[in-house]
Number of protein chains: 2
Amino acid sequence: MTPDGKPTPALLTRTALESASIPQITISAGSKITPKLPYFETGLPFGKNISTEPGLEQSSVEHAVDYGKIVGRTLASCTNCLVIGESIPGGTTTALAVMRGLGINARVSSSMPKNPQSLKTKIVEKALMRSDSKEPYDVISNVGDPMIPFVAGMLSTASEITNVILAGGTQMAAVLALAKSTGYDKDRVAIGTTSYIINDNSANFLETVKSISDIPVLSIDPKLEDSKFDGLRAYSEGFVKEGAGAGGSMIASLLKTGMNSKKLLALIDDEYSRIAT
Amino acid sequence: MTPDGKPTPALLTRTALESASIPQITISAGSKITPKLPYFETGLPFGKNISTEPGLEQSSVEHAVDYGKIVGRTLASCTNCLVIGESIPGGTTTALAVMRGLGINARVSSSMPKNPQSLKTKIVEKALMRSDSKEPYDVISNVGDPMIPFVAGMLSTASEITNVILAGGTQMAAVLALAKSTGYDKDRVAIGTTSYIINDNSANFLETVKSISDIPVLSIDPKLEDSKFDGLRAYSEGFVKEGAGAGGSMIASLLKTGMNSKKLLALIDDEYSRIAT
């Protein structure tokens, strides 16, 4: 929660998963701060600041993909639809850098209403100057973060076994770009996100995804402009937009329960009220 | 694998789970050594040597039960039968101490053919002299290990949701003894173990379990005396007997696949051959 009452998108995720009794598992794929609950540990170091140095070692990229494959196989065996979300600081910048490094003409969204495009582009261009290699693992090592190869690994094995929703915007496009190398079953993968990402004119999300793969993109409008709370209405004014798998989790909830988004919004307002008081 | 070729019971567990495509998740509930694969981290410190000091802090007992409840709820939501195994050094001694501390007249098995009963009893009696409390969390704190409260927590929530096999011998009796306090649904729980535990005359396993709860005890005779390998035949001569959920996993495999134990033994021999060469 920000001081002026804007909540983390994890509030939407949590409400959506609980409303549909969807079990959730937290994975640390390079988290600097230890989660305060049981979580999957992967032994990955946190990503470095790509504006000044490579994001991660080559060996960490391989480790991330390998461990992602193990976790993806295990979790996929337990469900008919695996929803994968993420949360990573500076994640739209590393995602942009990875896509540009892989030759994809992406413009990415921001969690701020004024997208700091020129700042991101400057960091990305500087970071990409460190290496000429177009080899995907080199690109990830130079300008990526540990989440991207880990989720690409998960996607690779999970999509062999079950349906997968990549729950997110920009970052999941970067995962998909790497997954071209790690492999996956296209017929079992969709991206699930919010309408705030799809409708963000500062980015080109649908175009970007289409240039990578012809998988479906599902979008939900959570109607947060109708919320009782300023902090949630801010999402409809361009703040936050997506994150922690919020869009995909809300889609999964509506698909599983048959609930509409009005009913879901009432639950989200209840949860906001619970944690704010 | 011991130098003379006796394998860890995890070899039986692994073969059983793979033969039936049963997904597995590793949990560190106080492991001193970090597992070399993705695993659930619970933030629990490893247990101390109860012969010289209390096994764990009171706060760790509560932490273990609470985190066990979270993990149990999550994993139970993913399956119609959750098999819980364990592996802990000195585990039969802490299990004996916990049961004696809770007023249960148990004699426990050993992973050695000559059960060092008097040594165990000496350690247990000395450890129990540190405290008069019969309060279960006090007993665990003084003479237990972190696995016992963690699995009791898992059992508590998991048995509300699905069927649970406590895969093990002595240690699972101790879990069950604590679970009287943490609560569980008796109608959804069974112990699954090997015939080597049931038939161990140095212990009184069935009697012990019966004195705690009237849940079913399932037992499998893996016929390891018919193995091609000395190291595996040693199990039928009183070495190892059980561990890492071997008995319960073999039972789950036979129940899921309809395979008989002869066929399973052939797979176990194949796996032994694979890792030994």
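Proteins get letters first, then strands, A, B, ... in listed order; numbering begins at 1 in each.
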Side chain / backbone / both / neither for A/T79 at chain B, heavy atoms under 4.5 Å: neither
Do A/E242 and A/T193 get their side chains close enough for a donor-acceptor pair, meaning under 3.5 Å? yes
Quick one: are [X] and [Y] in side-chain contact, heavy atoms under 4.5 Å?
X      : Y      : answer
A/P136 : A/L102 : yes
A/S77  : B/S21  : no
A/S213 : A/Y184 : yes

Please identify, among B/T26, B/T74, B/L75, B/T42, the residue contributing the most non-hydrogen atom pairs under 4.5 Å to chain A. B/T74
For chain B, find which of A/L37, A/I70, A/I25 contributes the most heavy-atom pairs closer than 4.5 angstrom. A/L37
